[in-house]
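Data first, discussion second: the structure below is written as structure tokens.
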Amino acid sequence: MNKTWLRFALVALALLLPRISGAGCKSDCLDEYQSAREECVLLYSEPDDADDLQMCVEDAKSTYDDCIDECES
């Protein structure tokens, strides 16, 4: 009985571990994205910097998307 339970626990852990690590990875991606956006706003706070701000935010979003893709692969 104990061996059966141990096997079940190991299989369950093996199935859950990738999901848990993937969720942590996505959370890290989101944290980095939010930080990058905040940095963009600090760097380009003047009205004349609107184009640079937009490019900075788009770069941060692209980096975020790449990070999420890496988490899912």
Side-chain angles (χ1 to χ4, degrees):
M1 175 112 174
N2 286 338
K3 288 182 181 181
T4 303
W5 185 86
L6 180 60
R7 287 181 188 154
F8 174 76
L10 290 175
V11 168
L13 182 61
L15 292 173
L16 291 176
L17 194 57
R19 290 182 181 170
I20 293 169
S21 65
C25 182
K26 290 178 182 179
S27 177
D28 290 345
C29 293
L30 182 58
D31 290 345
E32 290 174 17
Y33 171 65
Q34 290 172 336
S35 178
R37 280 191 55 150
E38 289 172 9
E39 188 174 325
C40 290
V41 171
L42 290 174
L43 286 172
Y44 304 108
S45 59
E46 298 297 319
D48 292 341
D49 296 335
D51 291 337
D52 292 330
L53 174 61
Q54 182 179 357
M55 287 177 50
C56 185
V57 171
E58 288 173 0
D59 287 344
K61 176 69 167 104
S62 177
T63 300
Y64 169 76
D65 291 338
D66 291 343
C67 184
I68 292 296
D69 288 343
E70 287 180 25
C71 289
E72 293 176 347
S73 62

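Hydrogens, waters and symmetry mates play no part in the numbers below; they use all other heavy atoms, side chains included.
- Hydrophobic clustering, with ILVMFWY side chains joined whenever heavy atoms are under 4.5 angstrom apart, groups V57 together with V41.
- Side-chain atoms of T63 come within 3.5 Å of backbone atoms of D59 as a donor-acceptor pair (strictly under, hydrogens ignored).
- Surrounding CD of E39 are at most 12 heavy atoms belonging to other residues, nucleotides or ligands under 6.0 Å away.
- When the ring pair (Phe, Tyr, Trp, His ring centres under 6.0 Å) test is applied to Y44, no partner is found at least two apart in sequence or on another chain.
- Rounding to the nearest 0.5 Å places CD of E72 at 9.0 Å from SG of C29.
- The SG atoms of C67 and C25 lie 2.5 Å or more from each other.
- Separation of atoms OG (S35) and CG (L30) is listed at 11.0 Å; rounding is to 0.5 Å.
- Taking 4.5 Å as the limit, every side-chain heavy atom of Y64 sits out of range of all side-chain heavy atoms of E32.
- Once rounded to the nearest 0.5 Å, the distance linking CZ of R37 with CG of L53 reads 8.5 Å.
- Rounding to the nearest 0.5 angstrom, the gap separating the CD atom in Q54 from the SG atom in C56 is 11.0 Å.
- Scanning all heavy atoms of the two residues, the minimum distance from L43 to D49 falls at O-OD2, 4.2 Å.
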